A.B. asks: 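My structure is below; once you've seen it, I'll send some questions.
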Number of protein chains: 4
Amino acid sequence: MPKVTSAHKAEVRDRIVQAAIESFSQTGYDKTKMDDISRRLGLSKGTLYLYFKSKEDLFLGVCEMSLKAGDKHDAHLFTKKENAASDAEEIFDNIRRRERGNDRVMLEMVVESTRNPRLKKAMYEYHLKVHEHVLEGLKKKVEEGFIRKDVDVAGIAIALVALYDGLAVNRMLGLNDSVNKKAWVAMLKAVIAGSS
Amino acid sequence: MPKVTSAHKAEVRDRIVQAAIESFSQTGYDKTKMDDISRRLGLSKGTLYLYFKSKEDLFLGVCEMSLKAGDKHDAHLFTKKENAASDAEEIFDNIRRRERGNDRVMLEMVVESTRNPRLKKAMYEYHLKVHEHVLEGLKKKVEEGFIRKDVDVAGIAIALVALYDGLAVNRMLGLNDSVNKKAWVAMLKAVIAGSS
Amino acid sequence: MPKVTSAHKAEVRDRIVQAAIESFSQTGYDKTKMDDISRRLGLSKGTLYLYFKSKEDLFLGVCEMSLKAGDKHDAHLFTKKENAASDAEEIFDNIRRRERGNDRVMLEMVVESTRNPRLKKAMYEYHLKVHEHVLEGLKKKVEEGFIRKDVDVAGIAIALVALYDGLAVNRMLGLNDSVNKKAWVAMLKAVIAGSS
Amino acid sequence: MPKVTSAHKAEVRDRIVQAAIESFSQTGYDKTKMDDISRRLGLSKGTLYLYFKSKEDLFLGVCEMSLKAGDKHDAHLFTKKENAASDAEEIFDNIRRRERGNDRVMLEMVVESTRNPRLKKAMYEYHLKVHEHVLEGLKKKVEEGFIRKDVDVAGIAIALVALYDGLAVNRMLGLNDSVNKKAWVAMLKAVIAGSS
DNA sequence: TATGAATGAGCCTTCATTCAT
DNA sequence: TATGAATGAAGGCTCATTCAT
């Protein structure tokens, strides 16, 4: 829905979304004023409306961008049981690196999605994609003989994603992230031990 | 202050909090109007201010109440490996029964807590209590010999709570809860298998 | 659409409409700020919204009130040809007295009505009522033998109303009202002479 | 300033005014955006400001142009009483043809003129010119012996113009124009009958 | 001369909060 | 204690106007 369409104008749009992410992360969607975002950018309020027709539309832009962000991979890990702990840590760090700063917005998005069907659908689908991505990784491990065939990998995949989300909640509550990582590692080790 | 009046006051206060929980769950904190809450109660807006000095104060009341709610126990479960699956399901259902309807408010509370230190502290401490509660349960299982001694039960405890929270997020996104339960069961079975 | 319903609250509503009429008359609909109206009343802006859900709604309230205002009668006049001039003057003054101050709003209403079907309908029907009212008066004159039977009284009725409206336009343009009255009298005299 | 450029400028200026007339007619002065006008022309918003220094200035340009438009004549009519009706109709059609589409803007101009002295003066003078024009026509009829000498032709002239204006209001309200024409004819016939 | 992205003052509307009854 | 009309600060959004290209 960009009103302004030309070469580098997509870049401005991106900058706006970035600023919005920062603002929404710090203040939350409702408490963030359009003015805050524009001032953060050194732009005028009116300019935002050249790129997004409303505050909600901008939020949707943020969602879109956030949902696009997660796509990298952590294959090649978990090939030896002995490395389980360090492998788990690496994955945790990888995900966190990707998400850095987005936790808050993500939660907002989840909350908001209960009211906004369009957003809910987008998030739902993104979640499915993540589940699939993880599931694929697990399946490879099954093929490699690293995980037993009779394990419900689909269930495990969903659970792993949920586990990470839940730890993100912990982080927001101020739980030291090293504790979260420990929890993640402990769980993963147990899972691997129990599944292989 | 006579006891009777006091009792009445406490009761009205509770009713207000209940109504607030419902409203916040449906519309979210920011989008809920004091008017909505009072109308839901059949009370006048002004009355709310006799019991809570501000909307935020009311929200804190909601938090307080929500945090008080979770305390029951699921000991006696997980005594035989063979029952792992059904035991896991029972736990899932128990928790869900306790939390029913509160998911949304909980998330809001987490989000809000990043801005409100008082709330953050309360939620943090509640989380710790829950962790301890779960940890205690796990420790009993260690004593019973059901879980190996070299397992990081503290980590597992935190992870289990996080897992549940993450599944609550899934639920909010519209993921069918039977899928969530499956994920929960799959994970718990693996954990038990790997830890015992 | 009054949100506030009680005894004297209708009076407040009326006062608001009155203030709105004055403001709209002086500044025009678009250029009038809700603030102007509330300040004129010594009320707060917010209060207006307890009685009217939007600026447009308030304008509709003004229309409604304005349309209700015109209902009096000038029968008993025009019974003798000799009095035609003074009778005409009396009618002119009567109408002007009723409309005093509303010319401007009326014009605004007409202009606005081209965009607002609801308003257009209301004004159209009001006009018809006025036409009928005048027509009835004329018919009586026909019965009394004051006007010839072969005159198109329906056409004359409409024309008389239009004539008055057109003179109101003159008035707005600054044409001295005594000139308008003269025109009115000249026309009416000619009409009577030609119709009787 | 070379003549050629000047000619081009004048033409563009005219096109802008035309577009403005159309826009103002459809949406009204206040609700019309400079953007609407420029888009209607296929010009950029900025260009408008090369020709008119403000929206109000453009409106004044529209007024100027509208006021220039009315100048044609209907002499030669009303020479025989028997033709009164058809003559009246012809006049009605002639005027309407000249004004076609301008009714709305005219009304806007009247309304606006109550706030804008410059505009008010222009419209006032234009009205006087029209009055004079009609008066002249009527005087000729007096000379021709078609109208009696003791009739207040000045008053009748003004009244005729007002009558037409009033019927234009009717038209805006959705009154079928054939009804308006009938009213016009009825009135004119009566006037002629009464004045000759 | 022409453009159209950027500006920012301004206005409608909402809603938490107060207070007279 | 309970009410609900009144308040007014605050924020989303619009649009006339400017200016660098």
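Below, each value reflects all heavy atoms present in this structure, side chains not excepted, and no hydrogens, waters or symmetry copies. Residue numbers start from 1 in every chain, and the chains themselves are labelled A, B, ... in the order their sequence lines are given, proteins ahead of strands. On a predicted model such as this, the values are computed, not experimentally measured, just so you know.
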A.B. asks: Give the rounded distance in Å between these two atoms: OH of Tyr49(A) and P of dG4(E).
C.D. replies: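 Result: 24 Å.
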A.B. asks: How long is the line joining CE of Met34(B) and C1' of dT18(E), in whole Å?
C.D. replies: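 Rounding to the nearest Å, CE of Met34(B) and C1' of dT18(E) are 12 Å apart.
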A.B. asks: So which heavy atom on Phe52(B) is nearest to which on Val17(B), and how close?
C.D. replies: CZ-CG2, 3.7 Å
A.B. asks: Of the candidate nucleotides dC11(E), dA16(E), dA5(E), which contains the atom at the shortest distance from the side chain of Lys45(D)?
C.D. replies: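 Nearest nucleotide to the side chain: dA5(E).
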A.B. asks: Going by atom types alone, do Thr27(C) and Arg115(D) pair a side-chain donor with an acceptor below 3.5 Å?
C.D. replies: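 There is no such pair (donor and acceptor under 3.5 Å, judged by atom type) between the side chains of Thr27(C) and Arg115(D).
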A.B. asks: Can Lys55(A) be said to sit on top of Tyr49(A)'s aromatic six-ring, NZ or CZ under 6.0 Å from centre and within 45° of the ring axis?
C.D. replies: no
A.B. asks: For Ile21(C) and Gln18(C), run side chain to side chain contact (heavy atoms under 4.5 Å, CB included): C-alpha distance rounded to whole Å, both residues' side-chain angles, the deciding distance at 0.1 Å, then the answer.
C.D. replies: CA-CA 5 Å; Ile21(C) 288 179; Gln18(C) 283 308 330; 4.2 Å; yes
A.B. asks: Does a donor on one side chain and an acceptor on the other come within less than 3.5 Å for Arg40(C) and Gln26(C)?
C.D. replies: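 Distance-only check passes for Arg40(C) and Gln26(C).
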A.B. asks: Closer than 3.5 angstrom, by distance alone: can the side chain of Asn116(B) be matched with the main-chain N or O of Leu119(B) as a donor-acceptor pair?
C.D. replies: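 Such a contact is found between Asn116(B) side chain and Leu119(B) backbone.
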A.B. asks: Can you tell me how far P of dT17(F) sits from NZ of Lys33(D), to the nearest Å?
C.D. replies: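 Distance check: Lys33(D) NZ to dT17(F) P gives 15 Å.
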A.B. asks: For the side chain of Lys9(A), counting heavy atoms from C-beta on, which of dA5(E), dT7(F), dC13(F) is nearest?
C.D. replies: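 Nearest nucleotide to the side chain: dA5(E).
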A.B. asks: So which nucleotide from dT7(F), dT17(F), dG12(F) ends up closest to the side chain of Lys55(D)?
C.D. replies: dT17(F)
A.B. asks: What integer distance in Å separates Leu43(B):CG from dT1(F):C1'?
C.D. replies: 11 Å
A.B. asks: Please figure out whether Lys31(C) or Val12(D) has its closest DNA chain E nucleotide nearer the 5' end.
C.D. replies: Val12(D)
A.B. asks: Considering only dC13(F), dT7(F), dT13(E), which nucleotide approaches the side chain of Ser54(A) most closely?
C.D. replies: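 Comparing dC13(F), dT7(F), dT13(E) against the side chain of Ser54(A), the answer is dC13(F).
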A.B. asks: For the side chain of Leu50(B), counting heavy atoms from C-beta on, which of dA5(E), dT7(F), dA2(F) is nearest?
C.D. replies: dA2(F)
A.B. asks: At under 4.0 Å, does any side-chain N or O of Thr47(C) touch on OP1 or OP2 of dA6(F)?
C.D. replies: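 For dA6(F), OP1/OP2 do not have a side-chain N/O of Thr47(C) under 4.0 Å.
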A.B. asks: I'd like to know if the side chain of Lys53(C) and the backbone of Leu58(C) have a donor-acceptor N/O pair within less than 3.5 Å.
C.D. replies: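 No: the side chain of Lys53(C) does not pair with the backbone of Leu58(C).
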A.B. asks: Are there runs of at least three consecutive Watson-Crick or G-U pairs touching DNA chain F, with each pair's two distances under 3.5 angstrom? Give them by first number.
C.D. replies: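 Stems found: E:2-21 with F:2-21.
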A.B. asks: What is the separation between atom CZ on Arg13(D) and atom P on dT1(E), rounded to the nearest whole Å?
C.D. replies: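 My rounded result for the distance is 13 Å.
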A.B. asks: Angle class for the Phe24(B)/Phe59(B) ring planes (parallel below 30°, perpendicular above 60°, tilted otherwise)?
C.D. replies: perpendicular
A.B. asks: Please report, rounded to the nearest Å, how far the P atom of dT18(F) is from the CG atom of Asp57(D).
C.D. replies: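 Going from Asp57(D) (CG) to dT18(F) (P), I get 12 Å.
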A.B. asks: With a cut-off of less than 4.0 Å, is there a side-chain N or O of Ser44(D) near OP1 or OP2 of dT3(E)?
C.D. replies: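 For dT3(E), OP1 or OP2 has a side-chain N or O of Ser44(D) closer than 4.0 Å.
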A.B. asks: Classify the nucleic acid contact of Thr32(D) as base, sugar-phosphate or nothing, counting any heavy atom under 4.0 Å across all strands shown.
C.D. replies: sugar-phosphate
A.B. asks: Using heavy-atom distances to pick each residue's nearest nucleotide on DNA chain F, tell me which of Tyr51(B) and Asp30(A) is more 5'.
C.D. replies: Tyr51(B)
A.B. asks: Please report, rounded to the nearest Å, how far the P atom of dT7(F) is from the CG atom of Leu48(C).
C.D. replies: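 That distance rounds to 9 Å.
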A.B. asks: Starting at the 5' end of DNA chain F, which residue's closest nucleotide do you reach first, Gly42(C) or Gly46(A)?
C.D. replies: Gly42(C)
A.B. asks: Whole angstrom is fine here: how far is it from CG in Asp35(D) over to C1' in dT18(F)?
C.D. replies: 15 Å
